[in-house]
Number of protein chains: 2
Amino acid sequence: MAEFRKNLIVFDKPPQICSYAAVGGRKEGAGPLGTYFDFIHADSRFGADSWEKGESKLQEETIRTAVKKANLSLEQMDLLICGDLINQCTASAYCARNLGIPYAGVYNACASMAESMIFSSVLISSGMMQRVVCAASSHFCTAERQYRYPLEYGGQRPPSAQWTATACGAAVMGIDGGLVQIKRAFFGRVTDYGITDLTNMGGAMAPAAADTLMRYFAQSHTSPQDYDAIVTGDLGKIGSTLLGELLAKENISLLGRHLDCGKLLYGDWQDVHAGGSGCGCCASVLCSFLLPRLAEGKWHNILFLATGALMSPMSVQQGETIPCISHLLHLQTGEGR
Amino acid sequence: MAEFRKNLIVFDKPPQICSYAAVGGRKEGAGPLGTYFDFIHADSRFGADSWEKGESKLQEETIRTAVKKANLSLEQMDLLICGDLINQCTASAYCARNLGIPYAGVYNACASMAESMIFSSVLISSGMMQRVVCAASSHFCTAERQYRYPLEYGGQRPPSAQWTATACGAAVMGIDGGLVQIKRAFFGRVTDYGITDLTNMGGAMAPAAADTLMRYFAQSHTSPQDYDAIVTGDLGKIGSTLLGELLAKENISLLGRHLDCGKLLYGDWQDVHAGGSGCGCCASVLCSFLLPRLAEGKWHNILFLATGALMSPMSVQQGETIPCISHLLHLQTGEGR
């Protein structure tokens, strides 16, 4: 690929993350991060009469909780930027309808949370908006029947498969009032390593994370040693190993610094095979575990890279390979400046 | 609904539209705007082996043409922001893969072109990026079989139905080098008037356009008389009439100023019933007809409102109504400042 113009965004006035919330399902509650979530629901329909409507409810509760934790009201939000995996992003659309906030929908599959936070950061840092709320959700049951098989069919999952998280993360951003700020942001480009296996998303997405990291390090003149942690979205076990191998070829080592939301969300005892996935995976890990660690001063400086696989079942049926993308945020605390 | 904070964006440094291009299919070429398009293709697959892959090709050609008309190269683009109607927005994803530009996908159905241009405007005006290319596409054959019936079935179309445009519009934006600039931008909120009829999109979307217009006029302290034209996205005949009625109740008259892209794209002789629709409808009309009229000085000052219906076939099957949104841009020429 040709080398493109420098597209790193550095915020002179870093936008801040004022509050955040994460809500999940039963399996997420039973995982290692379960106690960090704001709410866990045993009902996979979240009180609605379908999984799809339930995912909207999940999003709505997460967003309302984040806004409340910032001691703000919905009326004080200038914009909601959010996304999900359901066809036509309906979880987000119906949630936005119920909240009544001006709304911009994004879709970059599981990279949607990072995308929404970058757009939000630009709106806040430039002074064009004062408060923007970002969110992303996914749901095992809505994703499984849309992308793979009807749940009743009980399709076998190969070891490379990941488990779509039933979870949502939401963050309220503003120019002040937060302990964590966004210092840099970086939009990734689409990479495609020719993978066609819909049950190996981690393997398909790792090259996108590698491409974004390599270009980010080059453009920011930083290296892995400059960060307390480098957290990828949902590469899972296979994708995380592959990311290490791809970076090793370029003499970049993330040793001791790399974490992956897909590996953090579930325990080995939970039978999720290669790890978690879905927009809600990295969004909820960010808003339940990563941001609190920064706010509590355990970390000062991390990179957060969401990764997304941009195929559809139809594109794969038509013989296409899986194009992937990864967007990056550099998060820091006051002390990390 | 509660009245939200003022969310009008006014650009102190207005971003400019440096170049634009529109490409369409045979029906669009046979319409009143056919001669304004950059390219018209008789092959509905655009040289690919499926309609979906063809829509990616359509997007790619339109974006390459717009970039070329700006005397720029793809390598000079900081970001591509685009969207389409195919599940998981694959037309955009595969196009972005082939172009290699950093990519952010948006989804607000047929309001996607306006959404991408607002994000692009913010990135440019704030100085965080220098050149961003925006695009949106739709395709009659990909949309019809996804949202309604297999084409081979030959389903009857009621008079209220609109024809999804096989078209794409793309615009390159920067801080200088253009004749048309974006002075204000406004994100809409989701409105839902309880319509469930998937063959009456115009009727469903008109309240969203009305809501955005009323709030925009109030917040910008302007009135219809301040603009040479007020152009809605794809309300078609029924939606346009309804918009007039909704605004009349608020004592707002667009008389003599209102145009609708869904009515402009096709002629009465083309049997499209209520008019055109699809992301590519307003995007291509903008990039073939509206922007040239501004650039040539025939207009100095217009409002462009894309409108989107955010349902999915599944959400309607589950008994949901159709939520809609409309985002607005205030476009002006040097003389209109």
Side-chain angles (χ1 to χ4, degrees), chain A residues 1-5 7 9 11 49-50 52-53 74-79 83 85-90 93-94 96-97 100-109 115 118-119 122-123 125-131 146 186-192 310-315 318 320 323 325 327, chain B residues 1-5 7 9 11 49-50 52-53 74-79 83 85-90 93-94 96-97 100-109 115 118-119 122-123 125-131 146 186-192 310-315 318 320 323 325 327:
Chain A
M1 269 185 176
E3 198 44 56
F4 282 81
R5 268 180 39 78
N7 67 318
I9 300 174
F11 296 108
D49 60 9
S50 73
E52 286 74 17
K53 291 181 188 177
L74 285 174
E75 289 75 13
Q76 290 172 290
M77 298 295 119
D78 292 333
L79 186 66
L85 294 175
I86 301 180
N87 291 344
Q88 283 72 56
C89 304
T90 51
Y94 288 100
R97 178 190 66 183
I101 308 174
Y103 163 61
V106 292
Y107 184 79
N108 265 178
E115 183 189 355
I118 299 178
F119 280 136
V122 173
L123 283 161
S125 176
S126 64
M128 294 183 201
M129 289 197 172
Q130 293 191 351
R131 301 281 177 199
Q146 177 179 284
F186 192 83
F187 281 109
R189 58 187 180 182
V190 178
T191 63
D192 190 331
L310 303 174
M311 82 298 158
S312 73
M314 181 185 278
S315 75
Q318 291 185 356
E320 264 294 4
I325 199 158
H327 302 306
Chain B
M1 271 183 174
E3 196 44 58
F4 282 80
R5 268 181 38 77
N7 67 319
I9 299 173
F11 296 109
D49 60 9
S50 74
E52 287 75 16
K53 292 182 187 177
L74 285 174
E75 289 76 11
Q76 290 171 290
M77 297 295 118
D78 292 335
L79 186 66
L85 296 174
I86 300 180
N87 291 346
Q88 283 73 55
C89 304
T90 50
Y94 288 99
R97 177 189 67 183
I101 308 175
Y103 163 62
V106 293
Y107 183 79
N108 266 178
E115 182 189 356
I118 299 178
F119 281 136
V122 173
L123 283 161
S125 176
S126 65
M128 294 182 202
M129 289 197 173
Q130 294 192 349
R131 301 282 176 198
Q146 177 179 285
F186 192 83
F187 282 109
R189 58 187 180 183
V190 177
T191 63
D192 190 331
L310 301 173
M311 82 298 158
S312 73
M314 180 185 281
S315 74
Q318 291 185 357
E320 265 294 3
I325 199 157
H327 301 306

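So that the names make sense, note that chain A is the first sequence line, chain B the second, and so on, each numbered from 1. What you are looking at is a predicted structure, and each value in this text was computed from that prediction instead of being measured.
- In this structure, A:Thr90 and A:Ile86 approach most closely via the heavy-atom pair OG1-CG2, 3.3 Å.
- Top candidate by heavy-atom pairs under 4.5 Å with chain B, chosen from A:Ala96, A:Ser312, A:Ser50, is A:Ser312.
- Contact check for B:Leu79 versus B:Phe119: no side-chain heavy atoms found under the 4.5 Å cut-off.
- Looking at B:Phe11, the atoms closer than 4.5 Å to chain A (heavy atoms on both sides) all sit in the side chain, from C-beta outward.
- Of all the heavy atoms in A:Arg97 and B:Asp192, the pair that sits closest is NH1-OD2, 2.6 Å.
- With chain A as the partner, the residue from B:Ala104, B:Ala93, B:Ser126 showing the most heavy-atom pairs under 4.5 Å is B:Ala104.
- Residues B:Glu52 and B:Gln146 form no side-chain contact, since every pair of their non-hydrogen atoms from C-beta on lies 4.5 Å or further apart.
- Top candidate by heavy-atom pairs under 4.5 Å with chain A, chosen from B:His327, B:Lys53, B:Glu115, B:Met311, is B:Glu115.
- Among B:Leu123, B:Leu310, B:Leu85, B:Asn108, the residue making the largest number of heavy-atom pairs under 4.5 Å with chain A is B:Asn108.
- At least one side-chain heavy atom of A:Met128 sits under 4.5 Å from a side-chain heavy atom of B:Ser125.
- Contact annotation: the side chain of B:Asp78 never approaches that of A:Phe187 to less than 4.5 Å [non-hydrogen atoms, C-beta and beyond].
- Residue contact with chain B, scored on non-hydrogen atoms closer than 4.5 Å, is absent for A:Ala109.
- For a residue to count as touching a neighbouring chain, one of its non-hydrogen atoms must lie under 4.5 Å from one of that chain's; by this rule B:Ile325 touches chain A with the side chain only.
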